[in-house]
Asks: 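Following this message is one structure expressed as structure tokens.
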Amino acid sequence: MASPARQPLPEPAPAETARAQPCPAELQPGPDLPAAGSLDGPTAPDGLAVPDAAAFRRVVGRFATGVTVLTTVVDGHQLAMTANSFVSVSLDPLLVLVSVRQDARFHAPLLDAGVWGVSILAADMDQASRDFARRGADRPTDDGYGGDGRSGGGGGQLLGWRYSLGARTGVALLEGALAVLECRTVATHPGGDHTLVIGEVVALAAQRPDAAPLIFYEGSYLSADQPARSRRAGSSA
């Protein structure tokens, strides 16, 4: 499958330590959010305001997160979806959690497969976040490598992005990510219109130690201008 045209990253703002970039509709707050004013919704019988969905999304949007691409494999086909609802849960055993909308195409295959991967995106991978957040991007993909990502070099492409296969699970792990994890589902829990999926980490790798993370905040991407090690060194000086 031919790689789609890549949009060049914007030039860093010279006087800023971070830059905001538009993010996909699937991640950013909805257009009905109030621009300013009260965050309260309708009034309850007790006279107290009840927070509504718009206010909730506006408030939780102020919690900065990293950005990941979740992957799973079904009948040899790789599927992927952008998500920022990823958290660590436990050190003994090693557990992580992802939250997936129940109406997402990725949802049923993820639960059926029982294995999944997490690729934590670097600041220069904002286009990957956009690509995998598009509706329909989580459909099974025939990537020109027999659908399973295998070629002479053992790699494949999803929407033009290179990946390798996890040795433990066979899921796609994006090349260029800050870190990758392979997981096996150990529990699922309903969470309103989402499902909380808890996975045991069966393999992991940290990569690109000098790269900065892709950060999601208030409907935009924030990517730091300095490498991670430079920021740590500066803070300890």
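Given the structure is predicted, the values throughout are model-derived calculations rather than measurements.
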Asks: Could you list the donor-acceptor pairs under 3.5 angstrom formed by side chains in residues 196-209, with sequence neighbours left out?
Replies:
from	atom 1	to	atom 2	distance (Å)
Q207	NE2	A177	O	3.0
R208	NH1	D124	OD1	3.1
R208	NH1	G176	O	2.7
R208	NH2	D124	OD2	2.8

Asks: How far does CE of M125 sit from OG1 of T82, to the nearest 0.5 angstrom?
Replies: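 Answer for the CE-OG1 pair, M125 versus T82, is 10.0 Å.
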Asks: For the CG atom of L174 and the CG atom of L158, what is their distance to the nearest 0.5 Å?
Replies: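 CG of L158 is found 7.0 Å from CG of L174.
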Asks: Can you tell me how far the CZ atom of F216 sits from the CG atom of L121, to the nearest 0.5 Å?
Replies: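 F216 CZ to L121 CG: 12.5 Å, rounded to 0.5 Å.
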Asks: Who pairs with R101 by side-chain hydrogen bond (donor to acceptor under 3.5 Å, both in side chains), at least two apart in sequence or on another chain?
Replies: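 Once residues adjacent in sequence are excluded, the partners of R101 under the side-chain hydrogen bond (donor to acceptor under 3.5 Å, both in side chains) criterion are D103.
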Asks: Would you say F86 ends up clustered with V89 if hydrophobic residues are merged whenever their side chains have heavy atoms under 4.5 Å apart, either directly or through other cluster members?
Replies: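 They do not share one cluster, since no chain of ILVMFWY contacts under 4.5 Å joins V89 to F86.
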Asks: Quick one: does any side-chain atom of E182 pair with a main-chain N or O of R168 as donor and acceptor, under 3.5 Å?
Replies: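 Yes, E182 side chain to R168 backbone: donor-acceptor pair under 3.5 Å.
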Asks: Please name the pair of heavy atoms, one in V98 and one in W116, separated by the smallest distance, quoted to 0.1 Å.
Replies: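 Looking at all heavy atoms of both residues, the closest pair is CG1-CZ3, 3.7 Å.
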Asks: Same cluster or not: are L97 and V69 linked, directly or through other Ile, Leu, Val, Met, Phe, Trp or Tyr residues, by side-chain heavy atoms under 4.5 angstrom apart?
Replies: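 No, no single cluster joins them.
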Asks: Looking only at heavy atoms, which two atoms of A113 and T72 are closest? And how far apart?
Replies: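 Result for this residue pair: CB-OG1, 3.2 Å.
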Asks: Answer whether the closest heavy-atom distance between the side chains of L111 and T188 falls below 4.5 Å.
Replies: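 They are in contact (side-chain heavy atoms under 4.5 Å apart), so the answer is yes.
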Asks: Of all heavy-atom pairs between I215 and A64, which one has the smallest distance, and what is that distance?
Replies: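 The pair with the smallest heavy-atom distance is CG2-CB, 4.1 Å.
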Asks: Regarding H189 and T195, is there a side-chain donor-to-acceptor distance under 3.5 Å anywhere?
Replies: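 Their side chains do not contain a donor-acceptor pair, so the 3.5 Å distance test is not met.
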Asks: Please confirm whether the backbone N or O of Y163 pairs with a side-chain atom of Q78, one donor and one acceptor, at under 3.5 Å?
Replies: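 Judged by distance alone, no pair lies under 3.5 Å.
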Asks: What's the spacing between D126 CG and L222 CG if we round to 0.5 Å?
Replies: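 D126 atom CG to L222 atom CG measures 11.5 Å (nearest 0.5 Å).
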Asks: Under the side-chain hydrogen bond (donor to acceptor under 3.5 Å, both in side chains) rule, collect the residues that match up with S119, sequence neighbours excluded.
Replies: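 Counting only residues at least two positions away or on another chain, S119 forms no side-chain hydrogen bond (donor to acceptor under 3.5 Å, both in side chains).
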Asks: Minimum heavy-atom separation for L178 to A211, with atom names?
Replies: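 In this case the closest contact between L178 and A211 is CD2-CB, 3.6 Å.
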Asks: Given the rule that I, L, V, M, F, W and Y join up when any side-chain heavy atoms are under 4.5 Å apart, are V96 and V186 in one cluster?
Replies: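 Not linked; separate clusters.
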Asks: Please lay out, stage by stage, how F63 and Y217 fare under the test side chain to side chain contact (heavy atoms under 4.5 Å, CB included).
Replies: CA-CA 7 Å; F63 178 63; Y217 179 73; over 6 Å; no
Asks: State, to 0.1 Å, how close S129 and Y221 come at their nearest heavy-atom pair, and which atoms those are.
Replies: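 Answer, listing the atom of S129 first, then Y221: OG-OH, 2.5 Å.
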Asks: Drop me the distance from Q127's CD to L214's CG, to the nearest 0.5 angstrom.
Replies: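 Rounded to the nearest 0.5 Å, the CD-CG separation comes to 11.0 Å.
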Asks: I'd like to check R134 versus L159 (side-chain heavy atoms, cut-off strictly below 4.5 Å). Are they in contact?
Replies: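 The answer is yes; the side chains approach within 4.5 Å.
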Asks: As a quick check of understanding, evaluate side chain to side chain contact (heavy atoms under 4.5 Å, CB included) for N84 and T68, giving each step before the final call.
Replies: CA-CA 6 Å; N84 68 329; T68 73; over 6 Å; no
Asks: Do you know the tightest heavy-atom contact between F106 and L79?
Replies: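 Here F106 and L79 meet closest at CE1-O, 3.8 Å.
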Asks: Taking the side chain as every heavy atom from C-beta outward, state whether L165 and L173 have any atom pair closer than 4.5 Å.
Replies: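 Heavy-atom side-chain distance check fails, nothing below 4.5 Å.
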Asks: To the nearest 0.5 Å, what is the distance between NE2 (H194) and CD (Q102)?
Replies: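 Atom-to-atom, H194:NE2 and Q102:CD are 8.5 Å apart.
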Asks: Using the salt bridge (Lys or Arg N to Asp or Glu O under 4.0 Å) rule, collect all pairs that involve residues 80-93, keeping only residues at least two apart or in two chains.
Replies: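 Sorted pair list comes back empty.
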Asks: Let me check something: do V87 and L70 share a hydrophobic cluster, defined by ILVMFWY side-chain heavy atoms less than 4.5 Å apart, either directly or through other members?
Replies: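 Each belongs to a different hydrophobic cluster.
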